[in-house]
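To keep things clear, I will list the structure first and then write my remarks on it.
Proteins come first, then strands; the chains are lettered A, B, ... in the order of their sequence lines, and each starts at number 1.
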There are 2 protein chains.
Amino acid sequence: MRHARLPAPEEIALEDVFHALSDPFRLDVVRRLAAEGEASCQALEGDRPKSSVSHHFRVLREAGLIRTRNEGVTRMNALRRDDIERRFPGLLACILTAKED
Amino acid sequence: MRHARLPAPEEIALEDVFHALSDPFRLDVVRRLAAEGEASCQALEGDRPKSSVSHHFRVLREAGLIRTRNEGVTRMNALRRDDIERRFPGLLACILTAKED
DNA sequence: TCGATAGTTCGATATTTTTCGAACTTTGGC
DNA sequence: GCCAAAGTTCGAAAAATATCGAACTATCGA
């Protein structure tokens, strides 16, 4: 399985991060990963077909927000907390503490 | 001139803010407004036709990031710093301090 | 009242994203 | 080796955005 490229910490671009987070599903995934640590794609899919879920995880991965590792037959996704924090201090906190209503 | 609706502070949605900021031109406008205080659309346009510039300002306005007031024949745009800060603490700081290489 | 200036709105086209099924890949278990 | 599970990739179609010219609007000044 060819590994999806994930940007080096210093390559993470704010525009890409913002674009990735501008989708409600993806924003939710980020929040749940922050809360739950790691999760398989399946655990976070919300009724969508696999190909859609896969697409959204790819956007998050290419934006530099998550990292994916193989664990047996599943792929575990985790937030790149430290990398994000180092590149854009405060961003994550801001996303996670934002009270939506 | 019908006034563009701008969302009340508590209506500002993180998704919309992120979408607005995912465009390089708009992100730049926000940064420059933060640095310069207020500016006319013209002052910030980068060679684009007026209709494009106007479109981007509208996206920023509707996302709740800027406020526009008439000053004579021009329209002055300003960041809604306090509203943004109150709704999403730290977001603005995070955008402005992000060192893009 | 006429111009000029600064934007806005409209409409059409182009570009980008999203969505989803089908086929494919990888890994683990039997 | 074969099968199932979990994703990925591909391709096509739908939806959302962006771009830009042209026409329109509002305000100021002469």
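Side-chain proximity of B:Asn70 to C:dC20, C:dT27, D:dT27: nearest is D:dT27. Proximity note for B:Arg48 (side chain, C-beta onward) versus D:dC20, C:dT19, D:dT8: the nearest is D:dC20. Comparing C:dT8, C:dT19, D:dT9 against the side chain of A:Ser52 picks out C:dT19 as the nearest. For A:Val73, counting side-chain heavy atoms from C-beta on, the closest listed nucleotide (D:dG7, D:dT19, C:dT26) is C:dT26.
How far CD of B:Glu15 is from CG of A:Leu21: 9.5 Å, rounded to the nearest 0.5 Å. With values rounded to the nearest 0.5 angstrom, B:Leu65 atom CG is found 12.0 Å from B:Asn77 atom CG. Between the OG1 atom of A:Thr74 and the CD atom of A:Glu38 there is a distance of 9.0 Å, given to the nearest 0.5 Å.
Between A:Phe18 and B:Phe18, the ring-plane angle classifies as parallel under the 30° and 60° cut-offs.
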- Query: What string of B, S and - do you get for nucleotides 13-18 of chain D, 5' to 3', when a contact is any protein heavy atom under 4.0 Å?
  - Reply: ----SS

- Task: Take A:Asp16 and A:Glu62 through the test side chain to side chain contact (heavy atoms under 4.5 Å, CB included) and record every step on the way to the result.
- Result: CA-CA 8 Å; A:Asp16 294 345; A:Glu62 294 187 343; over 6 Å; no

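In summary, of the residues considered (B:Leu60, B:Val59, B:Asp23), a side chain to side chain contact (heavy atoms under 4.5 Å, CB included) with B:Val29 occurs for B:Leu60 alone. Residue B:Asp83 forms a side chain to side chain donor-acceptor pair (under 3.5 Å) with just one option from B:Arg81, B:Arg87, B:Arg80, and that option is B:Arg80.
In this structure, CZ of A:Arg58 is placed 8 Å from C1' of D:dT9, rounded to the nearest angstrom.
Contacts between residues 35-42 of chain A and DNA chain D, counted as heavy-atom distances below 4.0 Å, involve A:Ser40, A:Cys41, A:Gln42.
Among the protein residues, B:Thr74 comes within range of the sugar-phosphate backbone only, with heavy atoms under 4.0 Å from sugar or phosphate atoms but none that close to a base.
Counting atom types as modelled, A:Ser51 pairs a side-chain N or O with a base atom of C:dG21 as donor and acceptor under 3.5 Å.
Summarising the geometry of A:Leu6 relative to A:Arg61, their closest heavy-atom pair is CB-O, 4.0 Å, with the distance given to 0.1 Å.
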